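The model shown is predicted, which means the values in this text are computed figures rather than measured ones. Reckoned from all heavy atoms, side chains included, excluding hydrogens, waters and symmetry mates. In the text below, chain A, chain B and the rest are named by the order of the sequence lines, each starting its count at 1.
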Amino acid sequence: MSEIRVRFAPSPTGYLHVGGARTALFNWLFARKRGGVFVLRIEDTDRERSSEEMVGYILDGLRWLGLDWDEGPYFQGERVEAHRECAHRLLDSNRAYRCFCSVEKLDAARRQAIAEKRSGAVRCACRSLDPEEAKRRGASEPFAVRFRTPEGETVAFDDIVYKATSKETNDIEDFVLLRSDGSPTYHLSVVADDAEMRITHVIRGQDHLSNAPKQILLHRALGNPVPVFGHLPLLLAPNKAKLSKRTHGEVVSLSFYRDRGFVPDAFVNFLALLGWSPGGDRERLSRAELVELFDLSRVNLSNAVFNFALGDERNWTDPKAIALNAEYLASMPLDELLPMVRPFLERASLWRDEFEGTWAAWFRRTIDLLRERCRTLADFAERGRPYLADEFEMEEKALEKNLRGKAEEIRGRLAALADRLATIEPWEAAAIEPAVRAFAEENALKIGTLMNAARAALTGTNVGPSIFEVFVIVGRERAAARLRAAEKLL
RNA sequence: GUCCCCAUCGUCUAGCCUGGUCAGGACACCGCCCUUUCACGGCGGCAACACGGGUUCGAAUCCCGUUGGGGACGCCA
């Protein structure tokens with residue numbers, strides 16, 4: 001049995017989006033599961049729309065997800081001579097022909113065919129031109145090279161996902177192989193490169209399903225071994241349209257998920273479950289488990305909706321993705337989490353080198369305390385501010401409800417509590433709690449009122465971890481200072 | 001318009017191949033418990049086999065049709 005080789009072949013005409021990332025992931029999983037080779041090929045034959053910058057983004061995205069490739073990146077644009085050579089071979093064997101029609105004329109013919117309720121797969125008149133005559137004309141006239149699609153045949157193939165699939169060749173147009181400027185088109189390049197790179201399994205989006213018969217025909221005409229195809233159901237936007245960077249914007253771009261604080265493993269886990277399931281109830285799956293359980297033939301046949309709602313503060317992207325990310329944040333090894341949090345703190349100007357030096361133990365404890373309440377890495381910067389820095393916002397809600405609203409009861413008591421903090425030993429939750437409770441009792445204060453007021457004073461909010469843990473993390477002096485400051489707001 | 005593909009809770013899905021289960025799970029949502037906050041956790045609730053015909057003792061499961069959705073039909077990839 002020869003080696004299994006798959007490829008991910010994005011075109012660098014835009015950012016890597018979530019759908020493309022999933023295609024890459026499924027190729028990667030398939031290769032890793034079967035001990036195959038994962039090839040990365042950049043399909044940059046559309047020179048006008050491709051850019052080097054986009055190539056960089058695509059590589060960054062794959063690296064972020066941890067989808068390491070074994071070969072490449074190869075650039076299709078560097079192989080145009082080989083592709084052209086294929087077209088000429090086809091021309092020589094009469095499996096392709098020269099077409100002298102103008103693009104305008106063809107467009108008009110196609111529109112008319114559709115208007116007359118006929119097939120859109122129009123055949124060009126140049127198909128029946130005498131090859132020798134066409135060759136002579138070609139010396140002085142621009143022409144495109146078209147594939148001579150056989151007539152009256154059925155192309156059948158077994159798709160790993162869609163199983164038995166077939167298409168009548170009469171429904172396939174004579175697609176272009178070489179443009180009139182001599183540049184190869186997608187179909188030709190893909191087929192030539194897949195053969196050259198000895199690709200055994202073509203795993204890609206279902207939007208390519210109707211391209212498979214054309215490519216099979218081309219492979220046969222070229223005398224290549226035909227690869228096995230596996231088409232993946234599409235990822236749809238909430239409005240059920242195919243996901244596209246252009247219409248759906250940055251929220252479908254992979255880099256957006258990195259920037260908004262997703263853990264790569266969590267996002268990979270989520271992506272894997274979009275269109276595939278190992279069967280049963282298992283959902284939280286590590287990368288190793290994914291590789292172990294992955295089975296392309298178990299991929300769903302129907303398209304999956306990727307839910308996002310940018311206007312929605314809480315569920316700006318698929319709630320299930322967020323839930324999974326929160327689960328990873330809460331339970332992943334702290335040592336892996338810490339370095340992921342750092343860039344988000346840096347971006348918010350909350351990072352201090354001491355966090356990795358003299359304050360390392362304290363920092364670990366702080367992040368560990370916060371993680372249960374964070375849904376993205378960005379939340380650490382947002383919720384962590386009162387713990388990590390001295391300037392933080394006093395939320396109006398907290399101020400009104402737990403400080404000013406309770407002014408009669410707590411006036412003078414906050415400052416008194418601040419004094420009391422100095423006497424607590426050791427400075428741990430187990431000692432702070434009884435001391436604070438005793439203080440409340442002595443002052444005829446409801447403990448809840450005092451705790452809520454303290455939370456507002458120390459963190460500026462009315463939500464967060466146990467107030468006694470908060471005291472520990474904020475620290476004796478800072479806590480006292482904040483209590484006194486809050487006293488002045490009453 | 002032509003061709004191709006698809007169809008289980010709001011969403012992701014298990015079950016379908018090899019008909020017989022209260023159609024299972026997760027997320028979301030709602031309630032209760034835990035907690036004098038929030039979150040986590042626990043318990044419970046809401047919620048689906050698109051429709052119509054067959055085949056069969058019996059259909060989510062097999063067949064046909066309808067409807068709905070998606071994709072392709074480019075000298076884009």
Side-chain angles (χ1 to χ4, degrees), chain A residues 9-13 43-46 48-50 76 99 101-103 106-107 110-111 113-122 142-146 159 162-163 165-168 170-173 175-187 189-190 205-214 231 233-234 236 238 240-242 270 273-284 300-307 315 318-324 326-327 330 370-375 383 398 401-402 446-452 454-456 459 461-467:
Chain A
S11 67
T13 53
E43 310 217 317
D44 55 351
T45 53
D46 184 345
E48 279 159 36
R49 293 197 299 150
S50 297
Q76 201 156 58
C99 170
C101 300
S102 70
V103 176
L106 259 14
D107 274 350
R110 191 174 306 112
R111 273 196 301 273
I114 289 174
E116 289 173 10
K117 309 191 178 195
R118 284 184 291 112
S119 165
V122 292
F143 61 89
V145 174
R146 285 180 183 277
D159 190 282
Y162 286 90
K163 317 304 174 198
T165 307
S166 67
K167 179 133 180 160
E168 302 301 320
N170 288 356
D171 292 322
I172 301 174
E173 75 280 9
F175 50 96
V176 171
L177 264 20
L178 243 38
R179 301 185 184 93
S180 43
D181 66 357
S183 63
T185 62
Y186 165 76
H187 288 296
S189 302
V190 168
Q206 194 238 65
D207 48 344
H208 286 287
L209 192 56
S210 58
N211 288 334
K214 296 179 194 174
H231 289 90
L234 264 22
L236 267 28
K240 307 263 196 236
K242 184 169 91 164
F270 170 73
L273 260 18
L274 235 34
W276 172 77
S277 154
D281 296 340
R282 304 194 61 186
E283 296 208 326
R284 171 82 184 269
N300 253 273
L301 307 184
S302 47
N303 296 339
V305 172
F306 175 59
N307 263 312
N315 290 320
D318 201 297
K320 195 152 185 170
I322 294 179
L324 214 39
E327 227 181 286
L370 259 21
R371 69 200 294 200
E372 188 118 312
R373 263 152 280 255
C374 290
R375 308 194 318 148
R383 296 167 190 264
K401 184 171 177 213
N402 294 325
K446 276 194 278 189
I447 182 68
T449 302
L450 182 61
M451 283 165 65
N452 287 333
R455 181 174 295 102
T459 68
T461 79
N462 45 219
V463 301
S466 156
I467 185 62

Mind checking [X] for me? I need base, sugar-phosphate or nothing, with any heavy atom below 4.0 Å counting as a touch.
X	result
A/Glu372	base
A/Ala304	sugar-phosphate
A/Pro233	nothing
A/Asn452	sugar-phosphate
A/Gly275	sugar-phosphate
A/Ser302	sugar-phosphate
A/Ser466	base

Item to complete: Map A/Gln206 and A/Leu234 onto RNA chain B by nearest heavy atom, then report which one ends up closer to the 5' terminus.
Response: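 Nearest-nucleotide comparison on RNA chain B picks A/Gln206.
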
Worksheet item: Closest nucleotide of RNA chain B for A/Ile447 versus for A/Phe270: which of these residues is on the 5' side?
Response: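 Going by which nucleotide is closer to the 5' end, it is A/Phe270.
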
Fill in: salt_bridge(A/Lys214, A/Glu173) N-O dist < 4.0 Å
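Looking at A/Lys214 and A/Glu173, the cut-off is met.
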
Practice prompt. Grab the two heavy atoms, one from A/Leu178 and one from A/Pro184, that are nearest each other, plus how far apart they are.
Written response: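 Taking A/Leu178 first and A/Pro184 second, the nearest heavy atoms are CD1-CA, 3.7 Å.
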
Worksheet item: Considering only heavy atoms and no angle criterion, is a donor-acceptor pair shorter than 3.5 Å present between the side chain of A/Ser180 and the base of B/C75?
Response: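 Yes.
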
Return the value, rounded to whole Å, for the distance between atom [atom1] of [X] and atom [atom2] of [N].
X	N	atom1	atom2	value
A/Leu301	B/C17	CG	P	14 Å
A/Lys446	B/U37	NZ	P	13 Å
A/Ile172	B/U2	CD1	C1'	13 Å

Produce the list of close N/O pairs, under 3.5 Å, pairing protein atoms with atoms of nucleotides 22-25 of chain B; give distances to one decimal.
| from | atom 1 | to | atom 2 | distance (Å) |
| --- | --- | --- | --- | --- |
| B/G25 | N2 | A/Glu283 | OE2 | 2.8 |

Suppose you measure atom [atom1] in [N] against the same atom in [M]; what distance do you get, rounded to whole Å?
N	M	atom1	value
B/C16	B/A77	P	42 Å
B/A72	B/G25	P	37 Å
B/G15	B/A59	C1'	14 Å
B/C49	B/C9	P	7 Å
B/U61	B/U8	P	12 Å

Discussion item. Please tell me if A/Asn300 has a side-chain N or O lying less than 4.0 Å from either OP1 or OP2 of B/A14.
Written reply: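 The answer is yes; a side-chain N or O of A/Asn300 sits under 4.0 Å from OP1 or OP2.
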
Discussion item. Check whether A/Asp318 reaches the backbone of A/Phe306 with its side chain - one donor and one acceptor, N or O, closer than 3.5 Å.
Written reply: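 Absent.
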
Discussion item. Among B/U37, B/A28, B/C12, which nucleotide has an atom closest to any side-chain atom of A/Ala323?
Written reply: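 Of all the options, the side chain of A/Ala323 is nearest to B/A28.
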
Show each protein N/O and nucleotides 72-74 of chain B N/O combination with a separation under 3.5 Å, one pair to a line.
| from | atom 1 | to | atom 2 | distance (Å) |
| --- | --- | --- | --- | --- |
| B/A72 | OP1 | A/Lys242 | NZ | 3.2 |
| B/A72 | O4' | A/Ser210 | OG | 3.4 |
| B/A72 | O2' | A/Ser210 | OG | 2.7 |
| B/C73 | O2' | A/Gly120 | O | 3.4 |
| B/G74 | OP1 | A/Arg110 | NE | 3.0 |
| B/G74 | OP2 | A/Arg110 | NE | 2.5 |
| B/G74 | OP2 | A/Arg110 | NH2 | 3.4 |

